[in-house]
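Quick notes on the structure that follows.
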Protein chains: 2
Amino acid sequence: MTSQIPTVVSRSTLKRLPLYLHVLEDLQRQGQEYASCTMIAGKFDFGPTQVRKDLEVTGAEGTAKIGFKVSALVKDIKEFLGWHNAHDAFLVGAGNMGKALLGYKDFDKYGLNIVAAFDQDPKKVGTKIFNKEILPMEKMANLVKRMHINIGIVTVPAEFAQGVVDIMVSVGIKAIWNFAPAPLQIPEGIILENARLTQSLAVLTNKLTMNFDKEMKG
Amino acid sequence: MTSQIPTVVSRSTLKRLPLYLHVLEDLQRQGQEYASCTMIAGKFDFGPTQVRKDLEVTGAEGTAKIGFKVSALVKDIKEFLGWHNAHDAFLVGAGNMGKALLGYKDFDKYGLNIVAAFDQDPKKVGTKIFNKEILPMEKMANLVKRMHINIGIVTVPAEFAQGVVDIMVSVGIKAIWNFAPAPLQIPEGIILENARLTQSLAVLTNKLTMNFDKEMKG
DNA sequence: TATTTATCGATAAAAAATTATCGATATATT
DNA sequence: AATATATCGATAATTTTTTATCGATAAATA
């Protein structure tokens with residue numbers, strides 16, 4: 001009998017798992033030992049079936065009438081997301097967003113460790129931001145290989161993003177976390193995940209506009 | 001005959017529109033007058049039908065064999081997203097992410113204008129970040145009313161997020177852009193849009209982990 | 001001990017999103 | 001001028017995602 005766990009997991013499910021994790025860690029702090037899908041779903045605007053289906057992909061198992069053991073579930077979700085041990089990453093673009101990410105202390109909780117940053121600007125090179133060195137772009141190739149870096153974070157302006165991504169791919173980066181609002185071309189086999197604020201903002205401003213339109217009419 | 005434009009637009013569509021906008025503005029700079037869905041889709045990993053369906057919601061009209069007039073399409077998308085004129089916003093939490101957003105120069109392109117920031121920390125209050133004043137929380141209520149602010153941006157740590165949101169709602173904020181990795185409760189009628197980096201990161205680290213697992217096996 | 005209840009796990013149904021198809025049309029080509 | 005082609009707009013088919021249903025089970029309650 002083979003495993004029931006689906007081999008391909010939807011983005012939607014993957015994006016809900018960190019939400020559950022947050023709730024579960026809260027429960028853990030409160031000393032709760034078990035949690036049911038009903039309880040977790042209570043924190044969100046969707047139902048327990050959704051939660052149950054999402055949790056299924058992690059391989060976690062619950063018991064009827066009781067729910068899931070919180071500690072085990074946290075562990076299962078973290079392992080599934082790859083957050084149980086840290087992935088080293090390089091960041092390119094020490095601007096405002098770059099700085100914010102370099103200063104974010106909780107990334108270790110999320111399986112990310114930004115080792116160093118790179119920038120074109122000679123004025124930035126050689127300085128440190130949150131105790132992390134800013135290096136010249138030329139040094140990236142060697143260091144990626146020497147340090148076995150797999151993740152590249154792109155926080156440069158849109159017009160430079162494709163160039164940076166091309167370099168990253170050429171030096172052996174396997175996964176790219178992109179913050180630039182530009183569509184990027186990447187070769188087969190490289191993982192690209194976009195974290196574009198403008199997309200989220202679009203949803204917000206559209207809803208707001210729709211609301212005003214409604215008020216005008218009604 | 002009523003309009004063919006759907007009254008409710010999916011998140012997925014809303015999130016793709018800024019991508020098209022970026023491509024279109026590139027084309028505009030290059031002096032291209034017309035753009036077809038086929039051409040736009042070429043920049044992404046989905047087809048022209050998807051693009052056509054998305055553009056439909058904006059009310060834009062194209063012509064067979066030619067495509068859409070770029071300038072008109074840009075205008076239609078911007079208006080649909082509410083990016084044609086700026087929405088004033090307050091930001092709460094002048095930490096790293098807060099600073100990054102305060103320093104982001106292109107928000108005016110996306111219909112957002114961060115007017116001022118608020119913080120609990122007395123050391124921050126009174127200072128300026130990117131020429132924007134950091135004010136004490138107590139001043140928010142009055143200013144929201146006086147300045148007719150509709151958008152609140154939450155960049156505080158997770159444990160303070162719900163408290164900040166409650167204040168925002170109570171002083172009359174209509175839409176909340178949340179960067180804290182916490183599930184938030186909001187009353188009916190308030191718009192909440194989450195821009196949580198951890199969700200995006202989850203997708204990345206999971207894919208990376210899956211890739212390694214595959215390599216181990218095969 | 002029997003009954004009720006909350007939950008899981010699995011499956012089925014419903015809804016939503018994506019992709020394919022096709023007639024109409026505007027331009028380019030023969 | 002006739003034919004070929006690229007594209008739109010609309011609709012249909014497909015796929016994916018979400019939600020509902022239901023038997024099994026573990027605990028609580030009568």
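Computed from a predicted structure; not experimentally measured.
- More than 12 heavy atoms of other residues, nucleotides or ligands shown are found within 6.0 angstrom of CD on Gln28(A).
- One can place NZ of Lys69(B) at 18 Å from C1' of dT7(D), the figure rounded to the nearest angstrom.
- Of the candidates Phe179(A), Tyr110(A), Tyr104(A), Leu197(B) forms a side-chain contact (heavy atoms from CB on, under 4.5 Å) with just one, namely Phe179(A).
- The stretch residues 193-200 of chain B has no heavy atom under 4.0 Å from DNA chain D, so no residue of it qualifies as close.
- Between the CZ atom of Arg52(A) and the P atom of dA20(D) there is a distance of 12 Å, given to the nearest Å.
- Summarising the geometry, the separation between CZ on Phe68(A) and P on dT7(C) is reported as 12 Å, rounded to the nearest angstrom.
- Atom-to-atom, NZ of Lys53(B) to C1' of dT7(D) comes out at 16 Å; the value is rounded to the nearest Å.
- Atom CG of Leu14(A) and atom C1' of dT16(D) are 15 Å apart (whole Å).
- Side-chain contact between His87(A) and Thr209(B): present, with at least one pair of heavy atoms (C-beta onward) separated by less than 4.5 Å.
- Salt bridge Glu61(B)/Lys69(B): absent, no basic N to carboxylate O contact under 4.0 Å.
- Judged as a ring pair (Phe, Tyr, Trp, His ring centres under 6.0 Å), and not counting sequence neighbours, the contacts of Phe118(B) are Phe90(B).
- Residue Glu56(B) contributes atom CD, which lies 14 Å from atom P of dT18(C) at whole-angstrom precision.
- If you check every strand for non-hydrogen atoms under 4.0 Å, Ser10(B) touches sugar and phosphate atoms only.
- A cation-pi arrangement, defined by a distance under 6.0 Å to the six-membered ring centre and an angle within 45 degrees of its axis, is absent between Arg16(A) and Phe44(A).
- Residues from residues 16-26 of chain A lying near DNA chain C, meaning a heavy-atom separation below 4.0 Å, are absent.
- Using a distance-only test at 3.5 Å, with no hydrogens or angles considered, a donor-acceptor pair links the side chain of Asn178(A) to the main chain of Ala180(A).
- The separation between Arg11(A) atom CZ and dA16(C) atom P is 21 Å, rounded to whole Å.
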Audit row: Asp166(B), Gln162(B), side-chain hydrogen bond (donor to acceptor under 3.5 Å, both in side chains) steps and yes/no: CA-CA 6 Å; Asp166(B) 292 344; Gln162(B) 184 66 57; 2.9 Å; yes
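- Rounded to whole Å, atom C1' of dT18(D) lies 6 Å from atom CD of Gln50(A).
- Nearest to the side chain of Ser12(A), among dA20(D), dA20(C), dT18(D), sits dT18(D).
- No more than 12 heavy-atom neighbours from other residues, nucleotides or ligands sit within 6.0 angstrom of CD on Gln120(B).
- The neighbour count for Lys132(B) NZ, taken as heavy atoms of other residues, nucleotides or ligands under 6.0 Å away, is above 12.
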Contact list (N/O, under 3.5 angstrom) for nucleotides 24-30 of chain D vs protein:
none

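- When the nearest nucleotides of DNA chain D are assigned to Pro48(B) and Phe46(A) by heavy-atom distance, the more 5′-ward of the two goes with Pro48(B).
- Each of Thr58(A), Val51(A), Thr63(A), Leu73(A) was scored for a side-chain contact (heavy atoms from CB on, under 4.5 Å) with Phe68(A), with one residue passing: Leu73(A).
- Glu56(A) and Arg52(A) are not joined by a salt bridge, as no carboxylate oxygen comes within less than 4.0 angstrom of a charged side-chain nitrogen.
- Taking a 4.0 Å limit (strictly below) on heavy-atom distances, residues 28-45 of chain A reaches DNA chain C at Ser36(A), Cys37(A), Thr38(A).
- Side-chain contact between Leu112(B) and Trp177(B): present, with at least one pair of heavy atoms (C-beta onward) separated by less than 4.5 Å.
- A search for salt bridge (charged side-chain N to carboxylate O under 4.0 Å, His left out) contacts involving Asp26(A) returns Arg29(A), not counting sequence neighbours.
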